[in-house]
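Per chain, numbering begins at 1; letters A, B, ... match sequence-line order.
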Amino acid sequence: MDKRYIPDKVEEKIYSLWEKSGFFNPDNLPKTKKLTKLKAKSFCIIMPPPNANGSLHIGHALFVTLEDIMIRFARMKGQKTLWLPGADHAGFETQVVFDKKLEKEGRSRFKMDRKKLWQEMYEFTQENKKTMENQLRKLGASCDWSREKFTLDPDIIKEVQHTFIKMHKEGLIYRGLRTVNWCVKHQTALSGLEVKRKEEKGKLYYMKYGPFTLATARPETKFGDTAIAVHPNDKRYKKYIGKEVEVQGLLGKFKIKVIADKAVDPEFGTGVIKVTPAHDPLDAEIGTRHNLEVKQVIDRYGKLNEHAGRYAGMKVMEAREKVVEDLKKKGLLVKVDENYTHNLAVCFKCERTLEPIPLPQWYVKTKPLAKPAIETIEKGKIKIIPTHRKKVILHWLKNIEDWNISRQIIWGIRIPAWICEKTNEAKSYKLTMGFHESVVPQIFKGKIATWRIRDHGFKKGDAVAFENSQEEKIFGHGTITKVEKLTVGTMNLKDKTHYATYKTRDELLRAFKKHNPDKNITLQTPVFAYHYTFKKANKLMKLKAISSSCPPIVSIEKPKQCPSCKSEKLSQDPDVFDTWFSSGQWPYLTLGFKNSGKHDKDFKDFYPTSVMETASDILFFWVARMIMMGIYRTKKLPFKNVYLHGLILDKDKQKMSKSKGNVINPLGVAEEYGTDAVRMALIAGNTPGRNSTISEDKIRGYRNFATKIWNITRFISMNYEEIKTKPVITPKDKKNLKQLEATKKKVTKHLEKFEFHRAAEITYHYIWHTFADKIIEETKPRLQNGDKKDKAAALETLITILTESIKMLHPFMPYATEEIFQHLQDLQGKKKKTLLIVEPW
RNA sequence: GGGCGUUUAGCUCAGUGGUAGAGCGUUUCGUUGACAUCGAAAAGGUCACAGGUUCGAUCCCUGUAACGCCCACCA
């Protein structure tokens with residue numbers, strides 16, 4: 001034996017020994033008699049799948065260690081034990097990582113072909129996944145690789161989509177046009193959980209607004225105001241409630257309604273707010289309550305649109321400055337509060353200000369899903385460790401809001417919904433051209449141009465909808481092919497495009513006058529001739545109906561036609577699911593739950609799973625959703641226990657981050673000090689759910705411990721000889737063995753109660769300060785001077801204690817203990833086994 | 001604005017209704033025939049503060065303070 005324990009020589013060899021044994025796979029585990037006595041016959045942990053967009057960090061090392069301890073403990077006890085590994089495609093997170101990569105290469109996803117981008121990202125994640133798997137192996141993870149899952153495996157995708165369809169059928173999914181949290185950089189909407197708050201010093205502008213003065217932080221959104229709101233009990237403004245007031249704005253005078261809403265705080269500002277339902281979450285709510293018009297003035301690139309008049313095209317901040325400047329010029333700006341701090345909603349990834357804009361998105365109605373989850377947690381059917389988190393999760397569930405699951409990225413599971421293209425066409429007709437009903441038949445007959453006194457602003461190539469002005473129905477659509485500017489006097493009456501209507505110029509003049517009574521029409525009046533192509537609509541549609549569009553069709557397969565308008569032109573919704581919509585279903589999907597009802601055997605054997613061990617910061621993102629969706633789909637809880645671990649901080653209690661340069665790479669330190677040492681350093685002194693610190697000093701300390709048990713073994717080996725005589729066990733031996741039993745009991749108790757730090761510390765302390773420092777020291781004289789029988793007794797006691805000690809320690813320090821166990825078996829000439837399934841425990 | 005957590009040795013943190021614990025660090029001594037990545041020992045704490053319950057409180061209760069975290073629509 002070497003003088004020291006050298007992890008490098010051992011780890012790879014041992015891991016492959018375990019893998020070859022096949023015992024990571026529960027199907028290969030021996031059926032023990034003990035099993036029948038156990039309360040729970042099986043034990044299962046679904047690994048929180050690491051994101052396949054990088055390599056493992058110290059947090060991963062912590063969860064691997066915690067879960068591996070539980071798994072090894074259960075397996076040694078004789079339970080049918082499964083630890084199912086996986087990887088997460090991590091939708092938006094990976095998209096952000098990949099966007100950065102593209103940026104470095106001078107590329108952008110917005111200029112790439114969807115399929116090609118997807119393929120590249122797929123390869124990127126597969127590469128990362130491979131690296132991560134090897135890293136998990138290095139950390140000693142005794143998981144069943146044969147059952148490994150990826151969130152983009154075809155069967156997973158299918159089942160995720162089935163869940164969406166089922167929820168849709170049952171009214172739990174709806175498509176809503178709402179003000180969403182939009183990230184201008186990433187060009188996607190985010191859910192409420194992905195919104196970060198950042199305190200910012202801004203300005204609060206007080207401006208004249210009709211008879212009021214009101215305060216706003218966003219004057220540039222004023223073009224989207226569709227009401228003024230005050231508190232219903234505010235005496236100052238009571239007389240205005242329900243009335244329309246005239247306001248002098250930057251783009252002229254306009255009239256606006258005053259409403260009363262309790263959301264308005266009379267104490268803040270002047271107690272009056274302008275309501276911009278399109279661009280503020282609170283205003284959107286008020287808008288819904290009062291059925292206000294939603295007027296979008298900011299587009300998805302963060303620029304003002306045509307509703308902003310001369311400010312159109314400006315970016316938000318630019319427009320704000322300009323608007324304030326103009327308000328000042330017009331004397332509409334009362335004052336500016338420069339010391340105004342507020343919590344700005346920013347993108348949790350890029351920290352840029354989020355732009356609330358109205359967009360149609362898919363939502364999950366969460367209240368009906370949360371209800372049974374709340375009941376279950378309240379009844380204590382799920383044990384949450386640490387317990388105080390129970391309150392936190394309950395509070396969140398009780399105040400849950402509907403969940404936007406649409407993401408405008410390509411990396412993820414495509415939403416199985418189809419959009420009627422005809423709808424799209426109609427929608428893209430921002431332009432409509434009205435025709436008197438008497439003219440409509442001529443168009444059907446082939447009339448290919450129209451004369452207009454008014455400049456409609458159409459340009460060549462514009463798509464237009466053709467509307468019957470009297471019926472207000474769209475009867476067709478087409479494209480502008482030519483625009484001519486003429487005058488009434490220069491119009492060619494013989495032009496066949498117009499022949500059927502007017503025979504003389506007088507008749508023409510009269511007709512123009514009739515249709516435009518307020519205008520003074522002469523022969524010199526300009527006339528616009530719009531030439532177009534025409535296609536008849538399949539069905540007459542109200543313009544309103546068109547703009548509200550055919551409802552999307554929810555289906556995995558592409559439907560033959562749109563059930564609303566029978567159009568066969570359908571395209572798939574380009575959006576993908578929020579990653580958590582799929583990972584929220586992870587426990588039952590990985591175990592082979594099937595929509596068809598023909599679940600895999602694993603589902604019967606291992607669901608509900610035993611423990612969900614994960615980071616406490618994804619309690620809402622993941623744990624709460626797994627509980628809701630698990631109950632919804634399987635009618636059972638996805639797991640019986642939730643164990644939440646905290647963050648790993650550096651020795652100065654700082655969060656580890658690449659920019660601070662204080663990151664401890666778990667694989668790096670494992671390389672240097674051995675995996676076992678890193679594992680112990682992560683576990684000892686780490687109470688459930690609390691942040692803990694790690695330093696190289698600490699790891700070094702446990703490396704020393706590995707050396708210690710190694711040298712205990714070496715000492716015993718050096719003194720070993722085959723025991724031939726019947727040993728005479730002394731009372732001291734008996735006492736020592738009793739103490740060992742007591743220690744084992746304590747350790748077991750702590751492991752069962754998820755108190756891993758206690759179990760680890762007790763084991764550590766027993767081995768070093770009781771076994772090595774006391775028992776071995778006391779035994780030394782007996783080994784050297786004692787008679788044969790006494791020596792045999794001493795030796796046997798030592799071997800027993802060592803064997804039991806390494807069993808106890810195995811879940812924590814699997815490599816060194818296994819290596820020692822193998823060595824001990826060699827020494828005693830025993831048949832080789834592995835500690836993985838050694839009994840009893 | 002709500003909620004939660006923490007406060008124990010120089011540092012990092014355990015822990016318990018009955019005289020305070022570990023690791024690291026410090027000091028002294030020992031050991032080179034298991035291990036110097038070692039052993040033996042020592043110093044070091046009004047258990048944040050103020051009340052209360054109790055025979056007894058670091059622990060249970062109430063309040064205060066500091067620090068940290070989470071949630072929340074104050075324009």
Heavy atoms only, 4.0 Å cut-off, all strands: where does [X] land among base, sugar-phosphate and nothing?
X: N399(A); answer: nothing
X: G269(A); answer: nothing
X: R700(A); answer: nothing
X: Y673(A); answer: nothing
X: V272(A); answer: nothing
X: H769(A); answer: sugar-phosphate
X: R703(A); answer: base
X: A229(A); answer: nothing
X: F620(A); answer: sugar-phosphate

Using heavy atoms to find the nearest nucleotide of RNA chain B for L204(A) and W768(A) separately, return the residue whose nucleotide is more 5′.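 Of the two residues, W768(A) wins.
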Using only modelled atom types and a 3.5 angstrom limit, is any donor from either the side chain of K780(A) or the base of A34(B) paired with an acceptor on the other?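 Answer yes: a donor N or O sits under 3.5 Å from an acceptor.
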Considering only heavy atoms and no angle criterion, is a donor-acceptor pair shorter than 3.5 Å present between the side chain of E777(A) and the base of A34(B)?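 Counting by modelled atom types and ignoring angles, a donor-acceptor contact under 3.5 Å is found here.
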Decide side-chain contact (heavy atoms from CB on, under 4.5 Å) for F268(A) and I273(A); before the verdict, give the C-alpha distance in whole Å, the side-chain angles of both, and the deciding distance to 0.1 Å. CA-CA 10 Å; F268(A) 186 90; I273(A) 63 167; over 6 Å; no
So what's the dot-bracket for RNA chain B: Watson-Crick or G-U pairs under 3.5 Å, [ ] if a pair crosses, | if it pairs off-strand? (((((((..((((....[..)))).(((((.......))))).....(((((..]....))))))))))))....
Y240(A) ring center within less than 6.0 Å of F212(A) ring center: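 For F212(A) and Y240(A), the ring centres are under 6.0 Å apart.
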Could you tell me if K274(A) and T221(A) have a donor-acceptor pair between their side chains, going purely by distance under 3.5 Å?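 Checked: T221(A)/K274(A) side chains pair up, N/O donor to acceptor below 3.5 Å.
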